[in-house]
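Values reported hereafter were calculated over all heavy atoms of this structure, with side chains retained and with hydrogens, waters and symmetry mates removed. Just follow the structure's listing: the first ligand is 1, and inside any ligand the first atom is 1.
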Amino acid sequence: MGSSPGSIYTLTELRENVVTWRANGEQIGLVPTMGALHDGHLSLVQRAISECDRVVVTIFVNPKQFGPTEDLETYPRDNKSDLQKLAAFDTALAYIPDATKMYGPGFSTRVEVDGLTEHLCGKLRPNFFSGVATIVTKLLIQSLPDRAYFGDKDFQQLLVIRRLATDLDISVDIIGCPVIREPDGLAFSSRNAYLSTRDRITAPALFKILQQTAERAKAGEPCRAAEAWAKNELIQRGFTKVEYVDIRREETLESLDMINERSPRARVFGAAYLGTTRLIDNVTATSHG
Ligand code: PAF
């Protein structure tokens, strides 16, 4: 293990490090983030450090994954605090590229993953997954990691990234890591910072209602009925708008009608608004081990 490498801002510096590490036979881990680091991100860094010799943590608010009416301008940014948090991890190198360099003049390539992106968040945020797929592909090519780490909270994103790595023959293990939650069950997210005091109290209901939905479906309630119950319950609890509560097959995101011992692995996915803050979460809904 080396000493603290700190932070870098250019692709040239990243490549110099990567060339040296690979020449030394060191294993590289990549943790892509948009900054505003919280315990969920830090758990990914911790896991990467436990499995790799060197870890690149990218901090880049990717403009290509925001829609025209979304929160690109207001997305929380605090590089100073992020770097302080990363200082605790002595083999983590923060890579903080500039958007004008990442997407230089004439940039016109997009990575599109079909199928998986037609459901859930893909339906409601048309450019989101191609924006994510494009930046993650670039980051994988730039840092040549052995492993790259993503949270299960963004489960659909994880599946999309696995798909693109397989389809584009990118030699990397894409590792999904468990959702990290506040003591009251709210999944850590940089966007939780937008919640008012009142909405912060309501927010953990999303997780609890998804859990109850999973239990209802596992007990034999038809999936459509369990989903309808959940949507109504979220509104009763104070959510402003429910985008979806969907029980789907874990591997392919296909819709399921019922859950039983013969069903493939399943998850309940939810997206709902508290005021203007959009929260997403998901829980397992598998009735067997
Ligand atoms: O999950 C995120 O924070 C982003 O979508 C990611 C993977 C860093 C790509 O910008």
Side-chain angles (χ1 to χ4, degrees), residues 7 11 14 29-45 47-48 55-67 70-79 81-82 85-86 92-103 107 109-113 116-117 120-122 124-143 145 147-165 168 170 172-181 187-194 269 271 277-282:
S7 50
L11 179 55
L14 177 66
L30 174 70
V31 182
T33 83
M34 298 209 297
L37 300 182
H38 51 63
D39 286 7
H41 295 120
L42 299 182
S43 75
L44 303 180
V45 178
R47 168 93 181 261
V55 173
V56 177
V57 181
T58 66
I59 298 176
F60 181 65
V61 181
N62 174 33
K64 293 218 180 283
Q65 68 190 73
F66 288 79
E70 292 183 350
D71 55 344
L72 174 61
E73 295 312 320
T74 53
Y75 194 85
R77 292 165 171 88
D78 191 348
N79 285 354
S81 150
D82 288 346
K85 288 175 188 159
L86 290 176
L93 174 66
Y95 171 45
I96 312 177
D98 190 279
T100 58
K101 297 281 180 337
M102 188 60 87
Y103 301 117
F107 188 93
T109 300
R110 291 190 84 84
V111 178
E112 296 276 359
V113 176
L116 287 169
T117 58
L120 306 172
C121 293
L124 297 141
R125 303 183 70 193
N127 297 323
F128 174 69
F129 284 116
S130 69
V132 169
T134 303
I135 190 62
V136 172
T137 302
K138 279 177 71 79
L139 294 172
L140 291 171
I141 292 170
Q142 292 181 350
S143 52
R147 299 180 196 87
Y149 297 82
F150 299 87
D152 280 352
K153 175 171 166 287
D154 301 298
F155 198 85
Q156 188 177 14
Q157 168 174 281
L158 172 67
L159 294 182
V160 167
I161 292 167
R162 280 218 174 102
R163 187 74 254 163
L164 77 83
L168 299 179
I170 302 178
V172 60
D173 276 345
I174 302 296
I175 300 184
C177 302
V179 184
I180 304 297
R181 300 182 180 281
F188 276 99
S189 162
S190 304
R191 289 190 169 100
N192 292 351
Y194 299 149
F269 296 88
T277 308
R278 183 175 185 272
L279 300 179
I280 62 167
D281 205 343
N282 67 86

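The ring-ring contact (aromatic ring centres under 6.0 Å, His included) search around Phe60 returns none, not counting sequence neighbours.
Ser130 and Arg110 share a donor-acceptor pair across their side chains, judged by distance under 3.5 Å alone.
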* To do: Go through the steps for Asp82 and Arg77 under the test salt bridge (charged side-chain N to carboxylate O under 4.0 Å, His left out), then give the verdict.
  => CA-CA 9 Å; Asp82 288 346; Arg77 292 165 171 88; over 6 Å; no
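Residue pairs meeting the salt bridge (Lys or Arg N to Asp or Glu O under 4.0 Å) criterion with at least one member in residues 124-143, sequence neighbours excluded, are Glu70-Arg125.
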Go ahead and list the nitrogen or oxygen contacts between ligand 1 and the protein that come in under 3.5 Å, distances to 0.1 Å, or just say none.
unit_1: ligand 1; atom_1: 1 (O); unit_2: Gln157; atom_2: NE2; d: 2.9
unit_1: ligand 1; atom_1: 5 (O); unit_2: Gln65; atom_2: NE2; d: 2.9
unit_1: ligand 1; atom_1: 5 (O); unit_2: Gln157; atom_2: OE1; d: 2.7
unit_1: ligand 1; atom_1: 10 (O); unit_2: Gln65; atom_2: OE1; d: 2.6

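A salt bridge links Asp281 with Arg181: the distance from a Lys NZ or Arg NE/NH1/NH2 to an Asp or Glu carboxylate oxygen falls below 4.0 Å.
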Only distances under 3.5 Å count here; give the side-chain donor-acceptor pairs of residues 150-158 to other protein atoms, sequence neighbours excluded, each with its distance to 0.1 Å.
unit_1: Gln156; atom_1: OE1; unit_2: Cys121; atom_2: N; d: 3.1
unit_1: Gln156; atom_1: NE2; unit_2: Leu116; atom_2: O; d: 2.9
unit_1: Gln156; atom_1: NE2; unit_2: His119; atom_2: O; d: 2.9

